[in-house]
Amino acid sequence: MKIRYTDVLVIGGGLAGLRAGIAAKRRGHEVHILSLVPSKRSHSAAAQGGMQASLANSIKGKGDNEDVHFEDTVRGSDWGADQNVVRMFVNTSPKAARELAAWGVPWNRVRSGAREVVIGGKSTVLTEEHAAHGLITARDFGGTRKWRTCFVSDGTGHAMLYTVSDQAVANSIPVTERVEAMSLIHDGQRCFGAIVRDLVSGQLTAWVAKATCVATGGFGRLYRVTTNAVINEGMGAAIALETGVAALGNMEAVQFHPTGIFPAGILVTEGCRGDGGVLLDAELHRFMPDYEPEKKELASRDVVSRRMEQHIASGLGVRTRYGEHLWLDIRMLGRDHIDKNLREVRDICKHFLGIDPVSELIPVRPAQHYSMGGIRTGPSGEGRGLRGLFACGEAACWDMHGFNRLGGNSVAETVVAGMIVGEYIADFCESLDSDIDISTAQVNDFIKREQHSIDALLSSKGTERAADIMREMQTLMTDKVAIFRNQERLQTAVDQLLNLRARSNNIGLSNRSAALNPELVAAYRVRRMLKLALCVAYGALQRTESRGAHYREDYPRRNDRDWLKRTLATWSDADQTLPTLDYEDLDVMAMELPPGWRGYGEKDFVEHPDADVRRAEIEQLKRTMADADRHAIQAALMPYDELLPEPYRCGNERLGEDSK
Amino acid sequence: MNEQADNRQLRISILRYRPMESDSRPAVQVYEIEEADNMTLFMALTEIREQQDPSLQFDFVCRAGICGSCGMLIDGRPGLACRTLTKHLGQQIALAPLPGFELIADLSVNTGKWLRAMSERLETWVHNGDEIDLTTLEQPMEPDLAEQIYELERCIECGCCIAACGTALMHEDFIGAAGLNRIARFRLDPRDQRDDCDYYELIGDDEGVFGCMSLLGCNDLCPKELPLQTQIAYLRRKMLWTGLKG
């Protein structure tokens, strides 16, 4: 049995894991990163449109700052987010963009003078200031009041990932590729690393660490139609759940992106609409302004996706043999713009659809895109229940997204959370709490348990095929636990998932080799995926309200009175059939922005009894501080500075505004 | 979408070999599957693995042509399998692993190991000793220059250029177009304080830019259509000049 030791074990080699690893390494700790695939192949590379950071360099970003970004993000979350974490995020995001700039990310830059742009399908002229020339520019994105999304053409995630991955190389951080974490080593209170399987040789190794950081991304592959890469199966969240102690937060909050190409589900960026593109129906009518007169195509993703499905249901979708879709029209942006700023989109259209978006319409329909839920952590990124277990990025429910994430906020979260959580990991490693007091005998027990379960699968005489169960689960989730949910569909989903779970105990393999065996991998993963799927479906069934991406036809109103709370799913007994759900209240009286109307979407909701009280309190405080600057008012409303690691507590300089 | 009553029966022959197993011998195996509308090689291979042969090895991640995982020889030419539509191929399709990389098994090759080594060898990051002040405005950069850097930054390190390169197949240590392109990218970037003498140390020999025989397979086969020919030619001139200056 092989046991290896390191200070910090990072599971996941995408942007979040890499950046957290770099932070810990720079503080002098030994870091080892594990990854299913080479780091540069991670799903982070798929982020196209950009990263939100309130730099306010472009003329359409004028007046932007942390406060505006904060409000947009909280409204986007439908008040489900942890407002302290949102504050930590918006204050650090400009620093992250600038750090990446210094590291070499070729952000698109402001060009001074006049230029023609398309806003809402119409041409207009913008004039950029001379002073901003050469600074990082930004494009418009959904649910934002300013143009805030910094971008590198439509290959932002790619450019960021290559830069950060090469920084990890520069910092001599080893990345072991083609390995998978199978379980977390823990004693019920403290996490000590993970049992790791080599996907090529099939061998198990115990990686024992002071701190373990899960950064494995989302679980989009629970769904049949998804923009996610094939590796996004949520295994990090699943092994945390299987500790029986760690909790998964808000698993029912699943985002559907409005523009997956139809029917393959491959993403075309929100930047298409941000840059002026519009959505059309079968009659080539631009329908979004009919539903959302304020934000039109640039309402938040949950709202736009819902309106699109609603429009299709009203009979105005384009009918094909594979089902119905709508059109995305970016023709008015012109060849030059598309060639420069939407070239990946053009590539994808060419290769997968055989069309040229310069002159043709793109068939689109909402597709699963993002997991707001994940391993529930506190602001430091440390998981609930297990000391020494951290999570960041999409794998975590840190909770800056609540029930709907804004476009451009996820790739931003990866690096921001990596910076912040990485510092806290280093703090932890420097504390007495990080002492590794687990015996090698206990570690060996974990290896043996994992080996036993793999051996059992390899020798199973079961008659079920993992691939069949996987496909049935994915179809079920796409059909029943998607954009429009109700009691009947969700109950059916839960029942059928339980049935699939029972069947998954009877999986047999035709390939009985331990090495290089994708059938074996599918077999153990699908069992874990079914648990995650149950957390999603059962959580959605229990939540009898609509909030953000979670929309219940039978409970169409957001209900702050009863449901302003975060779902926590645990699985303490391996034999239990359903997750245990608990709820964590959000404290309205501590909020900087009490719940109200988002500014788009449904206007009708059930008020929280404290909302008016808190609003009055805030008004009163603002009156007494009439002469104070925005930072002082913010600090009085909801102090959060001490939640940030010391190096990130200062403000951010902008043109005409110093860093406070 | 064109209705097709009679879909083609595709015959996909795959070069199979598991070098880690001592009794494995390279052999071609043929699979037959029914073509579907807009079928990609990703879809075809996934179906073969799910329905016919669970032992078949290949690598896909994004399945959208952006992550660079699925480079393979498709009818003898290096390309990205995920975005190759079967309708653009004949009824008989031949697949083989990318040459020039360590073979893991079947169509799966270890590009990751090669890339990490390349990154370490060429130090593919901005060399800038200055402490970064994160609270102040970023350094300005000309918008055109940022776009030019991105043009070279678009490489997805899929390895097709290495598999298409005569030199790389003869000399294991040749850095190839992917490596030379990375140097061209950092050379263009004023944030990187390395100068041509530093770059000469990295690529001024036969394993670097002077190893290129200008066969230009890289340029012809790059899935991202990077301007590899002009970049290598330019780099060679600059390195030659640097070498002559001593």
Side-chain angles (χ1 to χ4, degrees), chain A residues 37-38 40-41 43 45-46 95 98-99 101-104 106-111 133-136 152-153 155 158-159 162 166-167 169-170 175 177 200-201 229-231 264 266-267 320-322 340 344 347-348 351-352 467 509-511 513 515-519 650-655 659, chain B residues 1 3 18 20-21 37-38 40 49-51 54-57 59-69 83-85 104-105 108 110-113 115-116 119-120 123-126 128 130 132 134-143 146-147 149-150 153-154 156-157 186 189 191-192 224:
Chain A
V37 296
K40 287 177 178 170
R41 314 270 189 238
H43 191 53
K95 298 176 179 66
R98 286 170 173 160
E99 178 178 78
W103 282 355
W107 295 116
N108 280 65
R109 302 287 173 145
V110 176
R111 196 184 299 272
H133 183 79
L135 298 177
I136 297 169
V152 184
S153 182
H158 165 86
Y162 271 52
D166 283 337
Q167 278 295 322
V169 179
V175 180
E177 299 165 0
V200 177
S201 72
V230 300
I231 53 171
I266 292 169
L267 175 73
T320 77
R321 58 191 283 209
Y322 298 106
K340 260 193 188 148
E344 294 301 328
D347 253 14
I348 286 166
H351 291 286
F352 294 94
L509 307 180
S510 58
N511 176 7
S513 154
L516 285 172
N517 187 345
E519 193 186 14
C650 43
N652 299 293
E653 186 187 354
R654 293 180 183 81
L655 284 176
S659 62
Chain B
M1 311 257 172
E3 296 278 341
R18 293 160 76 97
M20 60 183 294
E21 290 172 6
D37 219 24
N38 279 326
T40 61
R49 183 151 88 184
E50 282 184 9
Q51 308 296 336
S55 71
L56 185 63
Q57 295 292 322
D59 294 321
F60 289 99
V61 178
C62 75
R63 61 81 171 89
I66 51 176
C67 78
S69 296
R83 65 176 208 188
T84 301
L85 295 170
I104 293 173
S108 171
N110 201 342
T111 50
K113 184 178 167 186
L115 298 171
R116 172 87 185 200
S119 198
E120 287 172 353
E123 303 186 3
T124 56
W125 52 87
V126 163
N128 181 340
D130 303 343
I132 308 167
L134 297 180
T135 62
T136 57
L137 290 185
E138 64 275 14
Q139 286 293 316
M141 174 181 271
E142 275 305 310
E147 287 177 9
I149 293 172
Y150 177 62
E153 182 85 9
R154 291 179 68 241
I156 56 172
E157 301 189 351
F186 286 102
D189 195 330
R191 293 168 292 199
D192 195 321
K224 289 286 156 185

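Everything quoted here is computed from the prediction, not taken from an experiment. Chain letters run A, B, ... following the sequence lines, proteins first and then strands; every chain starts at 1.
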**Q** Is any side-chain heavy atom of B/T124 closer than 4.5 Å to one of A/V169?
**A**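 No, too far: nothing below the 4.5 Å cut-off.
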**Q** Could you look at B/T84 and say if it's the side chain, the backbone, both or neither that has a heavy atom under 4.5 Å from chain A?
**A**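 For B/T84, there is no contact with chain A at all, as no heavy atom is under 4.5 Å.
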**Q** Out of A/A170, A/A515, A/A102, which one racks up the most heavy-atom pairs below 4.5 Å with chain B?
**A**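 Answer, by heavy-atom pair count under 4.5 Å with chain B: A/A170.
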**Q** Is A/E344 salt-bridged to B/R154, cutoff N-O under 4.0 Å?
**A**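 Looking at A/E344 and B/R154, the cut-off is met.
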**Q** Check B/V126 against A/G104 and note the closest heavy-atom contact, atom names and distance.
**A**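 Taking B/V126 first and A/G104 second, the nearest heavy atoms are CG2-CA, 3.7 Å.
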**Q** Can you tell whether the side chains of B/D59 and A/R41 come within less than 4.0 Å, N to carboxylate O?
**A**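 Here B/D59 does not pair with A/R41 in a salt bridge, since their nearest N and O are not under 4.0 Å apart.
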**Q** Where on A/E99 is there a heavy atom nearer than 4.5 Å to chain B: the side chain, the backbone, both, or neither?
**A**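 Looking at A/E99, backbone and side chain both touch chain B.
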**Q** When you measure from the side chain of B/E138 to the backbone of A/A101, do you find a donor-acceptor pair of N or O atoms at a distance under 3.5 Å?
**A**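 No, B/E138 side chain to A/A101 backbone: no donor-acceptor pair under 3.5 Å.
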**Q** Verify, without hydrogens or angle tests, whether A/H158 (side chain) and B/E153 (backbone) share a donor-acceptor contact under 3.5 angstrom.
**A**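 Answer holds: yes.
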**Q** Mind checking salt bridge (charged side-chain N to carboxylate O under 4.0 Å, His left out) for A/D166 and listing every partner two or more places apart, or none if nothing turns up?
**A**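 For A/D166, the residues satisfying salt bridge (charged side-chain N to carboxylate O under 4.0 Å, His left out) (neighbours in sequence not counted) are A/K40, B/R182.
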**Q** Less than 4.5 Å to any heavy atom of chain B: does that hold for the side chain of A/L509, its backbone, both, or neither?
**A**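 No part of it gets close to chain B.
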**Q** How many angstroms lie between atom CD of A/E653 and atom CG of B/L134, to the nearest 0.5 angstrom?
**A**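 A/E653 atom CD to B/L134 atom CG measures 12.5 Å (nearest 0.5 Å).
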**Q** Checking B/I156 against chain A: side chain, backbone, both or neither under 4.5 Å from a heavy atom?
**A**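 When you check distances to chain A, atoms from both the backbone and side chain of B/I156 fall under 4.5 Å.
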**Q** In the structure I gave you, are the side-chain heavy atoms of A/H351 and B/T40 within less than 4.5 Å of one another anywhere?
**A**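 No, every pair of side-chain atoms sits at 4.5 Å or beyond.
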**Q** Please find the pair of heavy atoms, one from A/P518 and one from B/Q57, that lie closest to each other, and give the distance.
**A**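 Taking every non-hydrogen atom into account, CD-NE2, 3.1 Å.
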**Q** Walk me through it: do B/E147 and A/N108 pass the test side-chain contact (heavy atoms from CB on, under 4.5 Å)?
**A** CA-CA 7 Å; B/E147 287 177 9; A/N108 280 65; 4.0 Å; yes
**Q** Is there a side-chain contact between B/E21 and A/L516 in this structure, where contact means two heavy atoms from C-beta onward sitting under 4.5 Å apart?
**A**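 A side-chain contact is absent here, since even the closest heavy-atom pair is not under 4.5 Å.
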**Q** Mind checking whether B/M141 and A/I136 have side chains closer than 4.5 Å, heavy atoms only?
**A**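 Counting from C-beta outward, B/M141 and A/I136 never come under 4.5 Å.
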**Q** Excluding sequence neighbours, so at least two apart, what forms ring pair (Phe, Tyr, Trp, His ring centres under 6.0 Å) with B/F186?
**A**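 With neighbours one apart ignored, the set is empty.
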**Q** Which heavy-atom pair separates A/A46 from B/I66 by the least distance, and what is that distance?
**A**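 Closest pair (atom of A/A46, atom of B/I66, distance): CA-CD1, 3.5 Å.
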**Q** What part of B/K113 gets closer than 4.5 Å to chain A, counting heavy atoms only: side chain, backbone, both or neither?
**A**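 For B/K113, the contact with chain A is made by the backbone alone.
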**Q** How close do B/A64 and A/I266 get, heavy atom to heavy atom, and via which atoms?
**A**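 Closest heavy-atom pair between B/A64 and A/I266: CB-CG2, 3.6 Å.
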